[in-house]
There are 2 protein chains.
Amino acid sequence: MRPSKRDELVQEALKVFYQNGFTATGMDMLVKKTGISKTSMYKHFRTKDDLILAVLRLRDEQLRNWFFRRVEELASSPLGQLLAVFDVLEEWFQQPDFQGCMFIKASSEFQRADDPIYNQCTEHKKLMFSSLLKIVRQLETDQGNLSSEIAEALTRQLFLLKEGAIILKHMRVSVSAGLEAKEAAVSLLQANGIRGV
Amino acid sequence: MRPSKRDELVQEALKVFYQNGFTATGMDMLVKKTGISKTSMYKHFRTKDDLILAVLRLRDEQLRNWFFRRVEELASSPLGQLLAVFDVLEEWFQQPDFQGCMFIKASSEFQRADDPIYNQCTEHKKLMFSSLLKIVRQLETDQGNLSSEIAEALTRQLFLLKEGAIILKHMRVSVSAGLEAKEAAVSLLQANGIRGV
DNA sequence: TCCTATATGAACAGATCAGTATATATACAT
DNA sequence: ATGTATATATACTGATCTGTTCATATAGGA
């Protein structure tokens, strides 16, 4: 089995699902937009849901890699990286094809608690949280005076800002939700006794 | 035209749409779940989208009224009310039928920029923002030293926390996202020079 | 050349979707 | 009692959905 056709399908389907929604996108539309035959699609994926799961796996890898690579490009210190998180968020928002968070949207369309798609969405958010926690723990090590409970609590607070910014941007409450979240993050870091911010 | 049947339909449809999603709920399912005939439904609403818009109007009124009535019950001072916002949020999350924010979910299913449903969802968020801003402005008047730009910025930061909490709760990252947001709100208020918090 | 793997197009099945048509029932006001 | 408004059940239309079937094309390896 050559992998290229399958990967091509997943990559193209991602774009269509992201811009058009999952339920609103039929398999026939995918045929039209990707040029790949329906027969081929169902040779690679037993059901549409399986294709969606593969799309979300790709998006998870794509987004987390891009996001934290950009964070590392913008800053090297843990503190700098925590603030860079919100600059990268703003970069994401300013991309012309930004259409909200694919996982929030998917979890809205497939909201049954036992739906594999829903559960894969929650998994993505937990992975994003873990990556953020990792940076906060490095900051903790650097500064020496943070208990690990504070690290978890601080990470959750920063994560609240990040997810809130995605919603405010997607729902047109804010134009620069990433930068607003960054200012709030500065306050939270200072309030938690982080030095140097 | 007796209003009761129409209102009954909107109220019952709200429950079904909220628990089951908009696209995933067909008109035939609404007939089954509400006991109201399809003929009646289409006498009151020309299309399914019109029914959804009516449901969202009801939900907007319902949620904003309940939310800020509870806030006023819990506290009388502007500062107390700002903190109570997050207690009420937590109350909402702990309701056994909590299934996320209906407007975030609807805007995920109807994401075209010119879709009336999408636009009604953004409108709801703007109204929630305005109500929050009103409390912050009262606080501003009380404390006398806040410029109105700071009031807007502070409101946006609190709103970030509120929306983030909805996502973290709905996507199972946090169990008590409302209380976590409240702690962050305390820090933000202090960082913005609010006295008495 | 022949075999195999992978691709394609096109028609189809069976279900479900939004919305309509028709005929009928119920309740109330005059 | 009779007209009017609102309700009902049921069957239907035509479109669209996921997924299948089948016949065929293409390309590479032995």
Side-chain angles (χ1 to χ4, degrees), chain A residues 1-57 105-106 108-112 114-118 120, chain B residues 1-57 105-106 108-112 114-118 120:
Chain A
M1 187 195 301
R2 262 196 244 86
S4 71
K5 207 73 183 178
R6 183 194 145 112
D7 291 356
E8 187 193 332
L9 168 59
V10 176
Q11 280 167 23
E12 293 301 312
L14 192 154
K15 296 179 197 165
V16 184
F17 282 140
Y18 183 55
Q19 293 297 324
N20 201 60
F22 295 94
T23 310
T25 303
M27 298 302 275
D28 288 318
M29 182 188 282
L30 283 182
V31 171
K32 229 180 85 180
K33 295 254 183 181
T34 66
I36 297 170
S37 69
K38 208 197 281 197
T39 323
S40 287
M41 291 181 181
Y42 280 99
K43 214 146 249 164
H44 289 298
F45 300 100
R46 279 183 47 259
T47 64
K48 184 187 181 185
D49 279 13
D50 281 352
L51 171 60
I52 293 176
L53 286 170
V55 163
L56 291 176
R57 266 190 295 274
K105 295 195 295 182
S108 296
E109 291 200 49
F110 306 90
Q111 55 178 336
R112 262 184 36 244
D114 61 342
D115 193 309
I117 296 176
Y118 176 81
Q120 190 161 314
Chain B
M1 186 196 300
R2 260 193 248 88
S4 70
K5 206 71 183 180
R6 184 194 145 110
D7 292 355
E8 187 192 333
L9 167 59
V10 176
Q11 282 167 23
E12 292 301 312
L14 192 153
K15 296 179 198 167
V16 183
F17 282 139
Y18 182 56
Q19 293 297 324
N20 200 60
F22 296 94
T23 311
T25 302
M27 297 302 273
D28 288 318
M29 183 189 282
L30 283 182
V31 171
K32 229 179 85 180
K33 295 254 184 183
T34 67
I36 297 169
S37 69
K38 206 196 281 197
T39 321
S40 287
M41 291 181 182
Y42 279 98
K43 214 144 250 164
H44 289 297
F45 299 99
R46 279 183 48 259
T47 64
K48 184 187 181 185
D49 279 14
D50 281 353
L51 172 59
I52 292 175
L53 286 169
V55 163
L56 291 177
R57 266 190 294 274
K105 295 195 295 182
S108 297
E109 291 199 50
F110 306 89
Q111 55 178 338
R112 262 184 37 243
D114 61 343
D115 193 309
I117 296 176
Y118 175 82
Q120 191 160 314

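Just so it is clear, the model here is predicted, and its values are computed rather than measured. Naming convention: chains lettered A, B, ... in sequence-line order (proteins, then strands); numbering from 1 in each chain. Atom set for the values below is all heavy atoms of this structure, side chains included, hydrogens, waters and symmetry mates excluded.
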So [Y] and [X], do their side chains get closer than 4.5 Å, heavy atoms only?
X       : Y       : answer
B/Lys33 : B/Glu12 : no
A/Phe45 : A/Val10 : yes
B/Met41 : B/Val31 : yes
B/Met27 : B/Leu51 : yes

Spacing between [X] atom [atom1] and [N] atom [atom2], to the nearest angstrom:
X        : N      : atom1 : atom2 : answer
B/Asp49  : C/dC17 : CG    : P     : 15 Å
B/Lys43  : D/dA7  : NZ    : P     : 8 Å
A/Phe45  : D/dT18 : CZ    : P     : 15 Å
A/Leu51  : D/dG19 : CG    : C1'   : 13 Å
A/Glu109 : D/dC17 : CD    : C1'   : 15 Å
B/Arg6   : D/dA5  : CZ    : C1'   : 17 Å

Output the single nucleotide from [options] whose closest atom is nearest the side chain of [X].
X       : options               : value
B/Tyr42 : C/dT8, C/dA18, D/dT18 : C/dA18
B/Lys38 : C/dA7, C/dT20, D/dA7  : C/dT20
A/Ser40 : C/dG19, C/dA7, D/dT8  : C/dA7

Short side-chain N/O contact from A/His44 to OP1 or OP2 of C/dA7, under 4.0 Å: yes

With a 3.5 Å cut-off and heavy atoms only, can you find an N or O donor on one side and an acceptor on the other between the side chain of B/Lys48 and the base of C/dG19? no

Is the base of D/dA7 touched by the side chain of B/Thr39 through a donor-acceptor pair closer than 3.5 angstrom? no

Hey, is the main chain of B/Gly21 close enough, under 3.5 Å, to the side chain of B/Thr25 for a donor-acceptor pair? yes

Between B/Phe22 and B/Phe17, is the ring centre distance below 6.0 Å? yes

Compute both the distance and the angle, then confirm whether B/Lys105 meets the cation-pi test with B/Tyr18: under 6.0 Å from the six-membered ring centre, within 45 degrees of the axis. yes

Within residues 21-36 of chain B, find the residues that approach DNA chain C with a heavy atom at under 4.0 Å, and present them sorted by residue number. B/Thr25, B/Gly26, B/Met27

